[in-house]
Amino acid sequence: MNIQEVLSDKVKEAIYSIFNVELPHVEFQPTRKDFEGDVTVVVFPMLRFVKGNPELIGKQIGEFLQNNVDEVSGFNVVKGFLNIVICDSYYLSFFNTIKELADYGRVSEPGHEAVMVEYSSPNTNKPLHLGHIRNNLLGYSVAEILKAAGKKVYKTQIINDRGIHICKSMLAWQRFGNGETPESSGLKGDKLVGNYYVAFDKAYKAEIAEMIAEGVEKEIAEKEAPILKEAQEMLRKWEAGDEEVVTLWKRMNGWVYKGFDETYKNLGVDFDQLYYESNTYLLGKDVVADGLEKGIFYKKGDGSVWIDLTDEGLDEKIVLRSDGTAVYMTQDIGTAIQRVKDFPDITGMVYTVGNEQDYHFKVLFLILKKLGFTWAERLHHLSYGMVDLPSGKMKSREGTVVDADDLMDDMSQTAATISEELGKLEEYTDTEKQELFRMIGLGALKYYILKVDPKKRILFNPEESVDFQGNTGPFIQYTYARIQSILRKADKIEIVWSTTVANTLELHLKEKELLKQLQLFPETIQLAAENYSPALIANYTYDLVKEFNSFYQQVSILGESDEERKILRVQLSKKVGEVIQSAFLLLGIQVPERM
RNA sequence: GGUCGCGUAGCUCAGCUGGAUAGAGCAUCUGCCUUCUAAGCAGACGGUCGAAGGUUCGAAUCCUUCCGCGAUCACCA
């Protein structure tokens with residue numbers, strides 16, 4: 001129980017005993033640093049129930065609390081703000097209760113409610129880029145946060161393995177590839193396939209230019225270019241199950257998956273269950289037939305099926321083509337239902353998809369609700385802003401992308417350069433160093449992306465490297481490493497971890513501030529889960545670390561002469577380290593023993 | 001044009017269901033390594049919170065209008 005919960009009832013009691021009025025709610029806030037106190041009760045909202053001077057009311061409540069509540073050791077009133085001083089013993093006993101908890105802040109009993117979190121979901125015709133990195137980091141982190149908040153989580157992705165885009169790569173490979181394979185070229189599979197996607201586009205543009213030169217209109221040329229026609233023909237063959245096309249398709253997708261797996265492994269993300277569009281694109285048609293019967297959908301003259309959402313302030317939306325084939329929406333309806341069939345404990349789903357699809361998901365969720373699925377009430381589109389470059393949007397076709405693998409390598413490289421300059425790793429072997437640089441580089445990248453509100457668009461400038469100082473991943477990792485250094489030394493001088501520090505110890509201001517910050521961890525996890533926001537975890541961790549560094553600077557930990565106080569400081573450092581590690585795990589960032 | 005999102009210091013971002021003098025980092029400038037890792041700490045500088053109205057004891061936060069940026073409004077996915 002945190003201090004606000006303790007005090008809330010007591011304040012109500014105070015109001016009842018002084019004014020004989022039942023107060024429905026008490027408003028708290030942390031006391032601002034410039035005033036004395038730990039928590040503040042805001043008196044203004046009470047004026048609706050209690051008539052009088054806010055300053056005076058505050059004083060009366062303060063006196064009541066000081067006399068009747070053990071945890072309250074003092075108070076002061078500034079305007080309508082009652083600043084309450086909480087006694088040290090409260091914080092010390094709080095610390096003693098959490099000290100040994102290995103997973104402090106997390107809900108330990110696994111919930112029976114499951115949530116499926118979808119993220120990544122790439123096309124299989126090109127490598128992953130910076131945009132996918134944001135998607136992956138967000139999805140993975142939200143999944144971890146939901147777990148920590150007590151949910152059972154299934155991580156999933158739907159791989160867009162079919163369609164015209166992969167046919168383009170296949171066709172270009174057939175034409176220009178001369179049998180090139182990842183083995184023969186030494187290229188990562190997804191890179192190789194991506195090269196042919198670019199090659200297709202080049203050939204396609206050349207054909208268009210040629211046709212225009214021959215007097216064909218641009219728009220017609222774009223539709224009629226022979227290479228495009230051929231790709232479309234390939235897609236038709238694929239859908240018909242043509243053996244040759246399907247074999248090539250399997251082969252090239254196989255290359256891509258191998259490449260993706262490597263990238264995912266480097267990024268540190270994983271999935272519990274994969275869905276492939278080639279298996280799901282026909283799903284949903286039965287549901288549409290069913291909905292048609294129920295009158296949720298209606299059929300137009302040409303046979304296409306629609307839903308009218310104008311009552312909801314949206315448009316009419318097609319759910320089945322006039323030729324009876326599925327559209328994107330049909331497929332998503334079907335996939336959602338399939339997932340609940342596969343995992344019957346699912347009560348909600350999270351879709352990590354860019355904000356360009358806000359409208360699509362609004363409609364999808366509405367349709368599923370209208371179809372009467374109870375779980376449709378608990379669907380969430382984790383919508384995030386695009387990652388743009390100073391030059392504009394990233395386009396794979398035109399090669400203006402920041403490649404995921406390259407970026408991760410660059411980050412490691414930067415970490416290596418900085419680290420070598422500082423030169424504190426003499427005793428490390430080369431492999432240990434490489435591992436560390438990777439950890440730091442990735443930490444910088446992940447933190448940089450996750451600390452900002454997902455809704456905001458990110459402008460990524462590759463020229464200016466991601467910071468390693470200030471509010472960054474490495475700053476937090478560094479603090480963790482420093483703590484571990486203290487603990488290694490403390491171990492040698494035999495500080496006993498299990499020693500319980502007496503509640504009577506008088507706390508240093510910095511110790512108290514640290515304890516207050518530690519107390520916020522559980523509620524921060526819950527808040528982050530409710531808001532699907534890794535940024536809240538990142539900012540919390542940053543505040544904790546700032547507080548610790550200030551503590552570290554101002555007091556001596558191992559050099560403290562009072563034995564009991566030294567024990568407290570070491571234990572406190574250890575706990576802060578654990579919380580940093582735990583919080584960073586939620587962001588998918590590792591922490592080093594030294595750096 | 002309709003709908004949705006965003007707009008806070010030179011730059012990158014915090015700011016919870018409205019609360020005290022709007023906070024960090026980067027950059028610029030000052031100090032601090034004979035004591036636990038200086039990727040650090042302490043401090044200075046820097047703001048009419050896009051604009052105007054409104055609600056309220058109180059607004060960066062809620063409402064309205066306007067401006068700017070982005071996304072979206074396909075029998076593409």
Side-chain angles (χ1 to χ4, degrees), chain A residues 25 27 29-35 40 42-45 47-48 54 78-81 83 123 160 162-165 277 281 300 302-306 313-315 317-329 331-332 354-360 362 383 385-386 388 393 415 418-419 421-422 424 440 444 448 451-453 455-459 461 464 466-479 481-490 523-524 527 530-531 535-536 538-539 542-543 545-546 549-560 569-570 573 594-595:
Chain A
H25 176 74
E27 199 174 315
Q29 58 183 287
T31 303
R32 289 181 65 106
K33 288 256 157 83
D34 356 317
F35 300 99
T40 295
V42 189
V43 180
F44 296 109
L47 297 178
R48 259 190 284 168
V78 181
K79 294 190 215 166
F81 298 92
N83 302 318
N123 289 347
N160 301 306
R162 58 145 229 131
I164 191 73
H165 48 82
E277 200 192 65
Y281 81 108
K300 282 195 178 171
D302 61 5
S304 57
V305 181
W306 296 71
L314 304 172
D315 299 320
K317 196 81 190 171
I318 189 162
V319 291
L320 207 62
R321 289 195 189 97
S322 52
D323 63 5
T325 56
V327 292
Y328 183 35
M329 190 62 75
Q331 182 192 145
D332 270 3
N355 64 8
E356 61 209 349
Q357 297 203 35
D358 285 357
Y359 186 72
H360 172 77
K362 215 178 199 177
S383 165
M386 297 288 100
D388 291 328
K393 266 195 157 177
I418 293 173
S419 209
E421 271 171 23
L422 294 169
K424 331 183 194 175
I440 298 170
Y448 174 81
K451 78 170 176 184
V452 321
D453 182 341
K455 282 195 299 253
K456 287 193 173 166
R457 130 173 200 256
I458 291 180
L459 194 69
N461 190 347
E464 299 167 17
V466 175
D467 281 334
F468 283 68
Q469 282 169 0
N471 187 359
T472 67
F475 166 73
I476 291 165
Q477 289 173 319
Y478 173 72
T479 303
R482 257 177 161 184
I483 290 172
Q484 300 320 302
S485 170
I486 289 174
L487 297 183
R488 280 190 296 271
K489 287 174 182 161
E523 55 197 87
T524 303
L527 205 61
E530 279 163 32
N531 292 292
L536 295 179
N539 288 318
Y542 177 64
D543 289 340
V545 162
K546 273 205 72 105
N549 281 334
S550 180
F551 162 77
Y552 178 92
Q553 172 71 23
Q554 274 205 23
V555 308
S556 182
I557 297 167
L558 295 173
E560 169 60 37
R569 286 183 180 167
V570 173
S573 302
R594 58 188 91 206
M595 69 185 268

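Below, read A as the first sequence line, B as the second, and so on, with proteins coming before strands; counting in each chain starts at 1. FYI, side chains are in, hydrogens and waters are out, and symmetry mates aren't considered; it's all heavy atoms of this structure.
- Donor-acceptor pairing under 3.5 Å, judged by distance alone, is absent between the side chain of A:Asp388 and the base of B:A71.
- Applying the 3.5 Å distance criterion, the base of B:A42 shares no donor-acceptor pair with the side chain of A:Ser550.
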Table of protein N/O atoms under 3.5 Å from nucleotides 72-74 of chain B N/O atoms:
| from | atom 1 | to | atom 2 | distance (Å) |
| --- | --- | --- | --- | --- |
| B:C73 | O2' | A:Asp315 | OD2 | 2.9 |

Every protein N/O within reach of nucleotides 55-64 of chain B N/O, cut-off under 3.5 Å:
none

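- Residues forming a side chain to side chain contact (heavy atoms under 4.5 Å, CB included) with A:Tyr448 (at least two apart in sequence, or on another chain): A:Phe460, A:Val466.
- Judged as a salt bridge (charged side-chain N to carboxylate O under 4.0 Å, His left out), and not counting sequence neighbours, the contacts of A:Glu560 are A:Arg569.
- Stem analysis of RNA chain B (at least three stacked-register Watson-Crick or G-U pairs, each with both distances under 3.5 Å) gives B:1-7 with B:67-73, B:10-13 with B:23-26, B:28-32 with B:40-44, B:50-54 with B:62-66.
- In this structure A:Arg594 satisfies the salt bridge (charged side-chain N to carboxylate O under 4.0 Å, His left out) test together with A:Glu427, sequence neighbours excluded.
- Residues that satisfy the salt bridge (charged side-chain N to carboxylate O under 4.0 Å, His left out) test with A:Asp467, not counting sequence neighbours, are absent from this structure.
- The salt bridge (charged side-chain N to carboxylate O under 4.0 Å, His left out) search around A:Arg488 returns none, not counting sequence neighbours.
- A:Asp323 meets the side-chain hydrogen bond (donor to acceptor under 3.5 Å, both in side chains) test with A:Thr325; sequence neighbours excluded.
- For A:Asp543, the side chain to side chain contact (heavy atoms under 4.5 Å, CB included) criterion is met by A:Gln517, not counting sequence neighbours.
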Under-3.5 Å N/O pairs linking protein and nucleotides 23-33 of chain B:
| from | atom 1 | to | atom 2 | distance (Å) |
| --- | --- | --- | --- | --- |
| B:G23 | OP1 | A:Arg32 | NH2 | 2.7 |
| B:A24 | O3' | A:Lys546 | NZ | 3.4 |
| B:A24 | O2' | A:Tyr542 | OH | 2.5 |
| B:G25 | OP1 | A:Lys546 | NZ | 3.0 |
| B:G25 | O2' | A:Asn471 | N | 3.3 |

Contact list (N/O, under 3.5 angstrom) for nucleotides 6-12 of chain B vs protein:
| from | atom 1 | to | atom 2 | distance (Å) |
| --- | --- | --- | --- | --- |
| B:G7 | OP1 | A:Lys456 | NZ | 3.4 |

